[in-house]
Engineer: 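Can you read through this structure? Questions will come right after.
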Amino acid sequence: MKLIWEKGQSGRRGYIPSPTDTPEVSLEQLLGLEYRKEPLDLPEVSELDVIRHYTNLAHQNYAVDSNFYPLGSCTMKYSPKVNEDIARVEQFQNTHPLCEEGILGSIEIMYKTQELLAKISGMAAVSLQPLAGAHGELTGLMLIKAYQKDHNQLRDEIIVPDSAHGTNPASAAMCGFKVVEVKSKGGLLDPEALKKVVSNKTAAIMLTNPNTLGLFEKDILEIGQIVHASGGLLYYDGANLNALLGKVRPGDMGFDVMHFNLHKTFSTPHGGGGPGSGPVGVSEKIAPYLPLPIAVKTATGFALENDKTKRPKSIGKVATFYGSFGVILKAFSYMINLGKEGLTNASEMAVLNANYLKALLSEVMEVPYSEGTLHEFVATASGLDLSALEIAKALLDYGYHAPTIYFPLIVSEALMIEPTETESPQTLDEFAEVIKEILEKVNYHKEAPHFMPVKRIDEVKAARHPILTRAQLQMSK
Amino acid sequence: MFYTPHTAKDQEKMLARLGVKSIKDLYDTIPQEVFLTDWEFPSGLGEAKTYRYLKELADKNRELTTFIGLGLYDHEIPSAVWALAGKAEFVTAYTPYQAEASQGMLQVIFEFQSMIAELTSMDTANASLYDGATALAEAMLMAVLEKKQKKVAVSLGVNPLYREVLKTYAKAIGIEIKWLPLNEGQTVFKKDDVAAYILQQPNFLGYVEATESFREIKNQTNALGIVSINPVLASVLRKPSAYDADIVCGEGQALGIPMNSGGPLLGFIATKKSLTRKLPGRIVGLTTDRNGKDAFVLTLQAREQHIRREKAGSNICTNQALNALAATIYLALLGKEGLKEVALGAISNTHYLADRLKAIGVKVGDKRPFLMEFPVLLEPKKAHKLKEALLIKGFTPPISLGEFDRNFSDHYLLCATEKRYKQEIDAFVSVWEGIL
Amino acid sequence: MSLGKVPTHLLYTKTHEWVRVDGDKVVIGITDYAQSKLGDVVFVELPSTGDDFDAGLSLATIESVKGVSDIYAPISGSVWEVNEELEDIPEYINEDPYGQGWLLSLSIEDQTELDDLLTAEEYQALLEDEE
């Protein structure tokens, strides 16, 4: 392993900024005590050094474009290349957000994206400002807090099912809510159990639907009635929206606040871990609380509304500007490209693929909550001779990215598998065959992976004696 | 356009395997009352028309010659940055959970953390945060949790856009903010019982703060010191560790990321060794594999939401990895000398612009030394005329600070990065000359 | 799973801390069973000496690769001494939970609170119930 610094030579240059043709300012004179005298320890490499280094690193990465990537809960679908083409157009890239006259096209796209997301979700209004799913959740909870406070409700509890993503309780706690966990029954939220925890302290319930087991909460309408009757609100975690496009809308199910994950459902890609985008959708009564600025339609076109006197209830800003515009643009491109039929088809094929793969794998693995699978399912390695971790590592050797493992917490030795709609049944057949083969060669695979750039990694050492930077690495030697 | 590979025959075969008649049967857990029979949504345009339609919308934007900043800057971007960062192996991967299949991205993040630690003069950095404003909010939250004290002091020299975000977070979390006023463009610190003092260097007016006063207030109190920096200007400004900063954060867009109508951006955060385990978000560490070979892995995960759930300090998950990659490549290309040259070029251009405007009688706010941005005073009527004239000539009008901060009505903010030529600056100034 | 060692001379809590009375102080750690459940310990966050805690409050956290556990004060008191060695060698908790892996000592405020703790026998029974 060589870091980029080690590829260089003192004095070597990779990029030389255009020479400035204005008089040079003397920094020492201008800054005095505020001048940085110490040199920066940055690499000294040529452009080709840089190109080789990062190209070789790219080759050490599994990605959707090279590998089947059935990472549950993450919706690793194929991202159409036209999205990338459009996002590189210079009239989008070279525009400063604080010159509204220069971004009228971008604002129109933001407005239209808000509209399309509202249609898909059945929500009354949408803000594109949140910068990721977790940020959308946080924003959603801020909206709930503001709404409840505005209605003189001292409600400080958020109900979260035990199958929820970790972000749900973390977001709630960040906003100062107490988290009340409710146990699922048969993999689903039990209205009777819910009744026992709902009270006049309930600010909201956070639900993922289909939930993290890939199952639709079939009692959702009754759940909504119970929570609403107590004065609480319904929050929809949009992580699994890909299962429902054109089939059922969170707004119709009674949800008051939700977030979207544009990088999941709308293919914007995941970027090796971001940037994403996490717009929030809300019902009519929550709309006045949405963050500002927000794109609006005017008599003459589209504009950014930032007037607090017009929207006095707004919670304010949650991001520096208007959201991850480049990501929003790709999601918009995806939505208008596929349209109504394409989005519905995406959802249907995602559900068909998950059910099909579940059927194939059920021959060799148990799927504990199997009834009513939509876009993903959770198998268990418990009772097998290999652990979920060992199966995951063995899959890497076969060129597959591993499923999500050890989540949700309510299934032991969980393997959470989401094939997505863009995989062919042939890929799924091959994947199932490989799983069967892995389970037949237990001893060999206990040591997996064998063929990756590195073998099984010592995570304990990493956490006990952290080396997080090059400087710390040099000190440790 | 459909991107699903299923032929009619595939579907038939799959349904047969499942023993169901139609795909609709797979949705039978959805209550009939809410199952959509039809919904209002446009039909698909297909790829070519999608591109053309979006290109038309792009043409409604204007690529203006940019003379503004306020947290987002028009710097040169070397071609190699996105030639590499655009590689599908990076673009279409996800969070490096499976370390053995993600050594590439993990090493990139390790290099990013190393470079950010260097720029901020801190010991450790995380893998990125959403943007500069939320990075500052996370830093505030870190201090509040560390000091178990729900009160912070924030300089009014902090970017007003960031201050708005801090206010939103503070209100939701229940943190009290004490605002520290500016006097002659310089933050006035006041001794207080707070979790942190929060400063921006240079402040939003472009002025360089006198950092000794920050060091002094830290000496007099038990508070943490948080500084929001500009990573390009950090190459020429006194190291935050020298004035006793504990957490340094900021916006990394200047490091090779296009302006993109405001996003996606790149937040970063770094801190001292003692606070490392309080950092939010992902962190990559170097360890070894079972054969003793160097290997990278996501580490210190017990801090995070997926393990600690409601007890986590932050709810943040993965974010901005691709932009962190772009920044890493940018910093590798620019290197030791290049980043300072960018800073010097921008500072020289900005000073030339200020001098030219002064020469034609514009009131330039130069009470304090400034670097890449400075305010000017304009009468609103003239500012309006100027705005129209500049737009016609293809320039961005100055940012009206009164829109963001009532203390600065009639103040307008200007910036000239290293990307601007003397000729452009002269042409820009000649428009002013015609109006004023 | 093995229930681990349960030394007879110690007192225990339901949350798997052990307590050794040492004059007017108590020394506290986590049990063998607790450390094996937790897995490899990677970091320990301890309070400062002089911090006061009521019985039942969280006074430290132990991180393993798998998760985080709160350590609760078995009795009320103020922190007398903490095991600073754990900062560099957290693995002591796995290797020697009743010896080098001790966490901290507390001054005893109210002797009667000790009566609420479990004996080795009672703790052993609790473990058998849990498994």
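Residue numbers begin at 1 in each chain, while the letters A, B, ... track the order of the sequences.
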Engineer: So which of A:Lys218, A:Glu47, A:His59, A:Met1 has the biggest tally of heavy-atom pairs under 4.5 Å with chain B?
Structural biologist: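 With the most close heavy-atom pairs to chain B, the winner is A:Met1.
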Engineer: Strictly by modelled atom types, are A:His53 and B:Glu111 linked by a side-chain donor-acceptor pair under 3.5 Å?
Structural biologist: yes
Engineer: Using non-hydrogen atoms only, which part of B:Val297 is less than 4.5 Å away from chain A: side chain, backbone, both, or neither?
Structural biologist: side chain
Engineer: Strictly by modelled atom types, are B:Tyr352 and A:Asp21 linked by a side-chain donor-acceptor pair under 3.5 Å?
Structural biologist: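 No, no side-chain donor-acceptor pair sits under 3.5 Å.
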Engineer: Looking at A:Lys145 and B:Ala172, would you say the former's side chain and the latter's main chain have a donor-acceptor pair under 3.5 Å?
Structural biologist: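 It does hold such a pair.
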Engineer: Heavy-atom pairs under 4.5 Å with chain B - which of A:Asn306, A:Val45, A:Val327, A:Leu221 has more of them than the others?
Structural biologist: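 Winner by heavy-atom pair count: A:Leu221.
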Engineer: Under a 3.5 Å cutoff, is there a donor and acceptor pairing between the side chains of A:Thr20 and B:Glu418?
Structural biologist: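 No, because no side-chain N or O of A:Thr20 sits under 3.5 Å from a partner of the opposite role on B:Glu418.
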Engineer: Where does A:Leu360 contact chain B at under 4.5 Å (heavy atoms): side chain, backbone, both or neither?
Structural biologist: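 Contact with chain B: backbone and side chain both.
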Engineer: Examine whether an atom of A:Leu141 lies under 4.5 Å from a heavy atom of chain B, and if so say whether it belongs to the side chain, the backbone or both; otherwise answer neither.
Structural biologist: neither
Engineer: Taking all non-hydrogen atoms of both residues into account, name the closest pair between B:Ala101 and A:Met452 and its distance.
Structural biologist: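 Taking every non-hydrogen atom into account, CA-CE, 3.6 Å.
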Engineer: Check whether B:Asp74 gets within reach of chain A through its side chain, its backbone, both or neither, counting any heavy atom under 4.5 Å.
Structural biologist: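 Contact with chain A: none, neither part.
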Engineer: Quick check: closest heavy atoms across A:Met76 and B:Ala93, and the distance to 0.1 Å?
Structural biologist: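 Of all heavy-atom pairs spanning A:Met76 and B:Ala93, the closest is CE-C, 3.9 Å.
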Engineer: Heavy atoms only: give me the nearest B:Gly285-A:Leu468 pair and the separation to one decimal.
Structural biologist: CA-CD2, 3.8 Å
Engineer: Taking the six-membered ring for Trp, are B:Tyr3 and A:Tyr78 parallel (under 30°), tilted (30 to 60°) or perpendicular (over 60°)?
Structural biologist: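 B:Tyr3 and A:Tyr78: tilted rings.
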Engineer: Salt bridge between A:Arg13 and B:Glu337, side-chain N to carboxylate O under 4.0 Å?
Structural biologist: no
Engineer: Output, in order, the C-alpha distance, side-chain angles, deciding distance and verdict of side-chain hydrogen bond (donor to acceptor under 3.5 Å, both in side chains) for A:Gln472 and B:Asp123.
Structural biologist: CA-CA 8 Å; A:Gln472 289 173 358; B:Asp123 298 317; 5.8 Å; no
Engineer: For B:Glu89 and A:Asn61, which I'm curious about, is there any donor-acceptor pair between the side chains at under 3.5 Å?
Structural biologist: no
Engineer: Look at B:Cys317, B:Ser235, B:Ala125 and state which one has the largest set of heavy-atom pairs under 4.5 Å with chain A.
Structural biologist: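 Of the candidates given, the most pairs with chain A belong to B:Ser235.
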Engineer: Examine whether an atom of A:Leu473 lies under 4.5 Å from a heavy atom of chain B, and if so say whether it belongs to the side chain, the backbone or both; otherwise answer neither.
Structural biologist: side chain
Engineer: Side chain, backbone, both or neither: which part of B:Phe90 has an atom under 4.5 Å from a heavy atom of chain A?
Structural biologist: both
Engineer: Within the distance-only criterion (no hydrogens, no angle test), does the side chain of A:Gln60 pair as donor or acceptor with the backbone N or O of B:Gln103 below 3.5 angstrom?
Structural biologist: no
Engineer: When you compare the side chains of B:Glu76 and A:Ser18, does any donor N or O come within less than 3.5 Å of an acceptor on the partner?
Structural biologist: yes
Engineer: I'd like to know which of B:Leu265, B:Leu237, B:Leu70, B:Leu119 tops the heavy-atom pair count under 4.5 Å against chain A.
Structural biologist: B:Leu237
Engineer: Relative to chain B, which segment of A:Ile103 carries a heavy atom at a distance below 4.5 Å: side chain, backbone, both, or neither?
Structural biologist: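 Contact with chain B involves both backbone and side-chain atoms of A:Ile103.
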Engineer: Which atoms of A:Ala58 are under 4.5 Å from chain B, going by heavy atoms: the side chain, the backbone, both sets, or neither?
Structural biologist: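 A:Ala58 touches chain B through backbone and side-chain heavy atoms alike.
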Engineer: Got a donor-acceptor contact below 3.5 angstrom from the B:Thr92 side chain to the A:Asp65 backbone?
Structural biologist: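 Between the backbone of A:Asp65 and the side chain of B:Thr92 there is a qualifying donor-acceptor contact (under 3.5 Å).
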Engineer: Chain B heavy atoms under 4.5 Å from A:Val89: which part of the residue, side chain, backbone, both or neither?
Structural biologist: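 Answer is side chain: those atoms of A:Val89 sit under 4.5 Å from chain B.
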Engineer: Is it true that the side chains of B:Thr287 and A:Glu459 contain a donor and an acceptor less than 3.5 Å apart?
Structural biologist: no
Engineer: Is chain B contacted by the side chain of A:His401, its backbone, both, or neither, given a heavy-atom distance below 4.5 Å?
Structural biologist: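 Looking at A:His401, just its side chain touches chain B.
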Engineer: Which answer fits A:Leu352, side chain, backbone, both or neither, if we ask what part of it has an atom under 4.5 Å from a heavy atom of chain B?
Structural biologist: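 For A:Leu352, the contact with chain B is made by backbone and side chain together.
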Engineer: With a 4.5 angstrom heavy-atom cut-off, is it the side chain or the backbone of A:Ile4 that approaches chain B, or both, or neither?
Structural biologist: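 The answer is both parts of A:Ile4.
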Engineer: Let me see the working for B:Lys87 and A:Thr55 under side chain to side chain contact (heavy atoms under 4.5 Å, CB included), right down to the final yes or no.
Structural biologist: CA-CA 8 Å; B:Lys87 282 189 174 294; A:Thr55 300; 3.4 Å; yes
Engineer: Answer with side chain, backbone, both or neither: which region of B:Val208 has an atom nearer than 4.5 Å to a non-hydrogen atom of chain A?
Structural biologist: side chain
Engineer: Given that the side chain runs from C-beta out, which part of A:Glu38 has a heavy atom under 4.5 Å from chain B: side chain, backbone, both or neither?
Structural biologist: side chain
Engineer: Just by distance, do the side chain of B:His6 and the backbone of A:Pro425 share a donor-acceptor pair under 3.5 Å?
Structural biologist: no
Engineer: Between A:Asp252 and B:Val34, what is the shortest heavy-atom contact and its length?
Structural biologist: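 Smallest heavy-atom distance, with atoms named: O-CG1, 3.4 Å.
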Engineer: Specify the closest pair of heavy atoms between A:Pro23 and B:Ser348, including all atoms of both residues, with the distance to one decimal.
Structural biologist: O-CB, 3.4 Å
Engineer: Between B:Leu333, B:Thr95, B:Leu322, B:Leu57, who has the most heavy-atom pairs with chain A when the cutoff is under 4.5 Å?
Structural biologist: B:Leu333
Engineer: With side chain to side chain contact (heavy atoms under 4.5 Å, CB included) as the criterion, how do A:Lys247 and B:Phe35 come out once you've worked through the C-alpha distance, each side chain's angles and the decisive distance to 0.1 Å?
Structural biologist: CA-CA 6 Å; A:Lys247 297 296 170 193; B:Phe35 195 85; 3.8 Å; yes
Engineer: Of the backbone (N, CA, C, O) and the side chain (C-beta and beyond), which part of A:Glu108 lies under 4.5 Å from a heavy atom of chain B, both, or neither?
Structural biologist: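 Answer is side chain: those atoms of A:Glu108 sit under 4.5 Å from chain B.
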Engineer: Relative to chain B, which of A:Leu104, A:Ile120, A:Ile86, A:Leu131 shows the most heavy atom pairs under 4.5 Å?
Structural biologist: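 Max contact count across the listed options: A:Ile86.
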Engineer: Go through the side-chain N and O atoms of B:Asn61 and A:Ser106 and say whether any donor and acceptor fall under 3.5 Å apart.
Structural biologist: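 Checked: B:Asn61/A:Ser106 side chains pair up, N/O donor to acceptor below 3.5 Å.
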Engineer: If I measure from the heavy atoms of chain B, does A:Ser277 come under 4.5 Å with its side chain, its backbone, both, or neither?
Structural biologist: neither
Engineer: Would you kindly say whether B:Asn349 and A:Thr22 are connected by a side-chain donor-acceptor distance under 3.5 Å?
Structural biologist: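 Looking only at side-chain atoms, A:Thr22 and B:Asn349 do form a donor-acceptor pair, the distance falling under 3.5 Å.
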Engineer: Checking the side chain of A:Lys340 only, and the main-chain atoms of B:Trp39 only, is there a donor and an acceptor separated by less than 3.5 Å?
Structural biologist: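 Checked: pair present.
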Engineer: What part of A:Ala359 is in contact with chain B, defined as an atom under 4.5 angstrom from a non-hydrogen atom: side chain, backbone, both or neither?
Structural biologist: both
Engineer: Just by modelled atom types, is the A:Thr320 backbone N or O under 3.5 Å from a matching donor or acceptor in the B:Asp131 side chain?
Structural biologist: yes
Engineer: Return the minimal non-hydrogen interatomic distance between A:Ala346 and B:Thr4, and the atom names on each side.
Structural biologist: CA-CG2, 4.3 Å
Engineer: Where on A:Val318 is there a heavy atom nearer than 4.5 Å to chain B: the side chain, the backbone, both, or neither?
Structural biologist: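 Both backbone and side chain.
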Engineer: Measure distances from B:Ile399 to the heavy atoms of chain A and classify the residue's part below 4.5 Å as side chain, backbone, both or neither.
Structural biologist: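 The side chain, not the backbone.
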Engineer: If you count heavy-atom pairs under 4.5 Å with chain A, which of B:Glu47, B:Lys419, B:His351, B:Lys55 comes out on top?
Structural biologist: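 Max contact count across the listed options: B:Glu47.
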